[in-house]
Number of protein chains: 2
Amino acid sequence: MIISTVNVNGLRAAARKEEGFLRWLAATDADVVCLQETRAERAQLPEEVIAPPGWHVTLAPARDKGRAGVALYSRIRPDAVRVGFGVEEFADAGRYVEADVAGVTVASLYLPSGEVGTPRQEEKERFMAAFLPYLVGLRERAGAEGREVVVCGDWNIAHREADLRNWKANTRKSGFLPEERAWLSRVFDEAGYVDVVRSLFPDSEGPYSWWSYRGKAFDNDAGWRIDYHVASPGLAAQAKEARVERAAEYGLRWSDHAPVTVHYDV
Amino acid sequence: MIISTVNVNGLRAAARKEEGFLRWLAATDADVVCLQETRAERAQLPEEVIAPPGWHVTLAPARDKGRAGVALYSRIRPDAVRVGFGVEEFADAGRYVEADVAGVTVASLYLPSGEVGTPRQEEKERFMAAFLPYLVGLRERAGAEGREVVVCGDWNIAHREADLRNWKANTRKSGFLPEERAWLSRVFDEAGYVDVVRSLFPDSEGPYSWWSYRGKAFDNDAGWRIDYHVASPGLAAQAKEARVERAAEYGLRWSDHAPVTVHYDV
DNA sequence: CATCGGAGG
DNA sequence: CCTCTGATG
C-alpha cells in the first residue's frame, strides 16, 4: 500500500493550476492520499476534484468557510469513515478524518498552526491536549484487533533540530517550541507510534516538506519537516521507501507543502 | 487640447497588466487624463505610475484604504490644483480633484455608485445635493473670468434611455433612477453645462463606456454611458471629435470602463 | 466577475 | 507570498 499526504493550501487553487493537484493525482502511484487545508466545501469544488475516476473521495470540510478542511482519496473503497476524534470543539473543525482501508486505519490530520502569544496558540495547545489521549486509544483498539494505523498529515511541529533548516532562529516560534516538541515525543514514546520517514532517514537533515512562500525559502531549501506519517510499529516496520515530492523534480509547485509518500509492504 | 477620462478600477491592477494602463498612457494622444477609482495611495504605486516621463501627476486618494481615489495626468504643468469641492464630508473621499491647465479648469470626478435601499444610496444623494451648487458656482466663476471648464469622470448615472442598453430593466436600479436622471438634467439645464459626447452623437445608442464584468455584458455590448465630459458651453462648442476606446479596438481590456476621449480646439 | 483589505498561514 | 473571506462595484 502506497500512502501519500499533502497540505494543498486551498484545494480549489491547487486544482485550478495547470500542473497542479489533478495532474499530480493522475500521475501518483499512491493508493491512499491524505489532504489537508482543502479550504472548500463540496459544492465549491468541480466534479474532477470530488469524483475523479478510480478514486473514492471523503471530504471533511470545516465549519468556518475557507478554513482548514481535510480529505481522503482512496483507490480501494473504505470499509468505514469517521470524521473528527470525539472532541466537541474539533468535531467540525476540518482537522481530522480517518478511514479503514484494506485493514489499515489511515487518517488525515491537520493540526492547528498556532502563533505564540495569540489565541491560536492556545487552540493548538487545546488540540494537542485532546488529541494525544485519542491517539493512545486508537493504538490500543487497533492493537487489540490486530489492525495497523497511520496518522498522516500536517502536524505543524518540527520534532528535532534536523527537522528544520534554521532551528536556532525558531526556538521561540510556534512549530518548534519546546513544549510542542515534547508533546510530539510523547506521541512516539508514550503512545507508541513511529515517525516513519525519520525511521527511513535516520541521519538526514529533513527531508523537509514545507517551505514558506515568503522570500527565497524554497530556492534555498529553507524548509521544515512538519508533514508526517505517524504509524503503529507493525506498519512502520513495513515501510520500505519514502520520498518527498519536491516541486522541482515533480513538476511545478502547486502548494507550499510537498507530498510525502511512503511505500508500505502491506 | 485632448482630454481623456477613465475609471481604472484599481490603478495598481490596471498598471500591472501587460496591455494595461501604462501601455495605454504611452500610446494616448491625450494632453490631460482624468482617472477614477485609483484605489491606492502614492506609496502603494510604482514609480512608472506616479512619475511617468512627460506627465505631471496629481493624486487625490481616499481616506479609506483601497476605496475610490481620483487622479489627473497632464502633459502641461497645471497652474493650480484643488482637491475636494469644499464640502467636509467629501473633502478626503477621493472623489474630486480639479486643475487649471492652459486656461481650462479640468476636473476628475468619481460620483458615489449607490445601491437602492442602502446607506450607499443615501451617500450618493448627499453627494449630488452638495455637488450641484458647487458646479453652479464653478461655472459662474469661470464665466466671470472668461475661463472654460470641463468636469470629466464617472458620474454613475445614465441620463437617458439611449445611455444604457437595457433601460427598461434598470428603471429602479441605482444609476438610472428618475431622481438621479432629473439631477443630471439640472446639471445641464440649470447649471448650464453641456454633455459633450452626447452633443457629438445626438442620435446614437451610447456610446457606452462601462460594461459589467458579470456575464457576457461586454461581448454583448450591454453597457452604460456613465462616464462624461460635462463642459461649459464655450468649451463644448470646441469639441470636434469624441471616441470611446473600447477594449477590442484598443488592445486588451484592463478595466470595466473604457477611456472617453474628446478633442477640443483650444 | 473584477479589485481590494485583512485573516490566516 | 500565497489562498481564502467579504465589501464594493
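Just the heavy atoms: all of them, side chains too, but no hydrogens, waters or symmetry mates, feed the values below. As the structure is a computational prediction, the values presented were derived from the model and not from experiment.
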### Spacing of W211(A) atom CH2 relative to dC2(D) atom C1', expressed in whole Å
16 Å
### Task
Report the residue (R214(A) or Q44(A)) whose heavy-atom-nearest nucleotide on DNA chain D is the more 5′ of the two.
R214(A)
### Query
Once you round it to whole Å, what is the distance between P of dC1(D) and CZ of R16(B)?
13 Å
### Message
Could you tell me how far apart N156(B) (CG) and dG9(D) (C1') are, to the nearest whole angstrom?
### Response
9 Å
### Task
Say whether W210(B) and D227(B), considering side chains only, have a donor N or O and an acceptor N or O under 3.5 Å apart.
no
### Message
So, OP1 or OP2 of dG9(C): does either fall under 4.0 Å of a side-chain N or O from Q36(A)?
### Response
no
### Task
Using a heavy-atom cut-off of under 4.0 Å over every strand shown, decide if F218(A) touches base, sugar-phosphate, or nothing.
nothing
### Query
Would you say dG9(D) has OP1 or OP2 under 4.0 Å from some side-chain N or O of Q121(B)?
no
#### Entry: Check: R120(A) side chain, dG9(C) base, donor-acceptor under 3.5 Å
no
### Query
Can you find a donor-acceptor N/O pair under 3.5 angstrom joining the side chain of R39(B) to the base of dG5(C)?
no
### Query
Nearest-Å distance, CG (N220(B)) to P (dC1(C))?
13 Å
### Message
Rounded to whole Å, how long is the line connecting atom CG of L11(B) with atom P of dA2(C)?
### Response
19 Å
### Message
Strictly below 4.0 Å: does K17(B) bring a side-chain N or O up to OP1 or OP2 of dT3(C)?
### Response
yes
### Task
Could you state the atom-to-atom distance from CZ of R95(A) to P of dG9(C) in whole Å?
6 Å
### Task
Apply the side-chain contact (heavy atoms from CB on, under 4.5 Å) test between H229(B) and each candidate in V151(B), V150(B), T261(B); give the one that qualifies.
V150(B)
### Query
Is E180(B) close to Q121(B) at the side-chain level, that is, under 4.5 Å between some pair of heavy atoms?
yes
### Nearest-nucleotide comparison on DNA chain D, the residue closer to the 5′ end among N9(B) and R67(A)
R67(A)
### Query
Contact class for E115(A) vs. all strands (heavy atom < 4.0 Å): base, sugar-phosphate, or nothing?
nothing
### Query
Counting just side-chain N and O atoms, does R12(B) come under 4.0 Å of either OP1 or OP2 of dG5(C)?
yes
### Task
Quick one: label R253(A) by what it contacts on the DNA or RNA (base, sugar-phosphate, nothing), any heavy atom closer than 4.0 Å.
nothing
### Spacing of D256(A) atom CG relative to dC4(D) atom C1', expressed in whole Å
13 Å
## Note on the structure
To the nearest angstrom, the CZ-P distance between F21(A) and dT3(D) comes to 16 Å
### Candidate list N9(B), N7(B), T5(B), test side-chain hydrogen bond (donor to acceptor under 3.5 Å, both in side chains), partner D154(B), passing option
N7(B)
### Message
Can a side-chain donor-acceptor contact be found between W224(A) and D163(A) if the only test is distance below 3.5 angstrom?
### Response
no
